[in-house]
Amino acid sequence: KHKRQQQRESKQASMLVASYAVGFRSAALNTRGLHVRARAPLVIRRRESTTSSTPGATPQMVVGVDIGATNTRVCCKTDGGATTELLKFETNKVSVLLKNLGNVSGLLDAKFPQGWKVRAACLDVAGPSSDSTVEITNWKNKTDRTLRLTDLPASVFPAGHTRLINDLESACYGVVALNQTGELSRYFLPLWGPTVASLQNCHYLVMAMGTGLGVGILLKIGRGPTAFNVLPVELGHTLVPFHGPVYPDHADDHSLADFISRKIYAGKHGIEFEDVCSGVGLERAYSWAATRNPGAPPSLTAKQVANIAVQHPEWKPANEALFMHYKLLMRCAQNACVGMQAKGVILCGDNQVANNDFTLRNSDKLHEEFVAHPKRQWLESVPVLQQVASLNANLIGATYVAENLL
């Protein structure tokens, strides 16, 4: 099935490039299948229980919930046992979310007829959250997207032992969980630098480009594979700095920034990293590139741009746009590593998996962008890892937080 999906994507990308060559007459092309990859199963390994297990005793467990832009997934993990995905459903309304979460207790009844008890739960979601409330920012619905802990079923989400966290924060804890189980190098390999089998005794920067640009810092606070705290940061909303006037790409960088500033800020502000390093940001970068390539269609979706650039290095508009998308990501990572003294960068997300061929093909140029700084010597030994296999790091991270931090 996965092979057939790849063949369909390749054929669709080829059709897009061919249609560009003859004036891009295939406006009705169906692109729903572009840029989609199969998701690997949940992979948290079984850990030894820290509490005694008595035959016939009521199983105690934690619950993790990943609330995505389209799909929500729910899993449980028994103390000293395995992780089981219980439920997956589509929603972008809190009312529908609560209705489905209300069904979890029935699923647990069926799985554990001898009884069960949830001792802690964690939900990850896009958007700034307080201790008890979050507005889910990656849902298109604008009226029914405020989630309150008090509205959740108490049997599954116990009061005082349930936490809301940001989705990128959850992905960071997913990285910590994989490090703990020795599976980090199964899912993350170097774009440059040595293979990292386990996280070292230093800080790491974690980045994920999707609907927006998520950034977090893994702060090393002791020794051992789990001795990390996660600091969610909003570096995606910091302004893009520029190199000096003799830098080779000086004119192109300013041309892109001016184009986007006029488009979204009426030319009054500089651009944020997220203005390029996001799905809509990639579409803006493509619109800029199209103005430099006569005959190119004036706009494409982010999925179309990425898929064409990955499969067709010769097609300049898409490749220029995706390169700018990653070039500014490296500039953001560069400044964060200098300022936070992070000694490693981890690029997360299924979009990154899908774009691996492109980033590997352009790794030399991206590395040069990363180290192009007055403190170059601070950056030359910093490895950048990219996710190479699909997994739900958010759900792993939410479960890890419920199990270890609540």
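Quantities reported herein were computed from a predicted structural model and do not represent experimental measurements.
- Between the side chains of Asn392 and Asp66, at least one donor N or O lies within less than 3.5 Å of an accepting N or O.
- Salt bridge absent: Glu85 and Lys77 never bring a charged side-chain N and a carboxylate O closer than 4.0 Å.
- Other residues, nucleotides and ligands place no more than 12 heavy atoms under 6.0 Å from the NE2 atom of His161.
- When each of Thr84, Val74, Val156, Leu87 is paired with Leu107, the side chain to side chain contact (heavy atoms under 4.5 Å, CB included) condition holds for Leu87 and for no other.
- A distance-only check finds a donor-acceptor pair linking the side chain of Asn319 to the backbone of Trp315 [under 3.5 Å].
- The ring of His250 has its center no closer than 6.0 angstrom to the ring center of Phe242.
- When atom types are taken as modelled, the side chain of Asn141 and the backbone of Asp144 share a donor-acceptor pair closer than 3.5 angstrom.
- In plain terms, the two heavy atoms of Ser170 and Ala398 that are nearest each other are OG-N, 3.1 Å.
- When all heavy atoms of Asn351 and Gly210 are compared, the closest pair comes out as ND2-CA, 4.0 Å.
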* Check the pair Arg163, Glu169 against salt bridge (Lys or Arg N to Asp or Glu O under 4.0 Å), reporting the backbone distance first and the verdict last. => CA-CA 12 Å; Arg163 182 177 169 188; Glu169 182 180 0; 3.1 Å; yes
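- Ring-plane geometry between Tyr247 and His243 is classed as tilted, the angle between the planes lying from 30 to 60 degrees on a 0 to 90 degree scale.
- A side-chain donor from one of Tyr326 and Asn355 sits under 3.5 Å from a side-chain acceptor of the other.
- Among pairs with a residue in residues 354-370, those fulfilling salt bridge (Lys or Arg N to Asp or Glu O under 4.0 Å) read Arg331-Glu369, Glu368-Arg376, at least two apart in sequence or across chains.
- Listed by first then second residue, pairs satisfying side-chain hydrogen bond (donor to acceptor under 3.5 Å, both in side chains) with a partner in residues 192-216 number zero, not counting sequence neighbours.
- With hydrogens and angles disregarded, a donor-acceptor distance shorter than 3.5 Å links the side chain of His373 to the backbone of Lys375.
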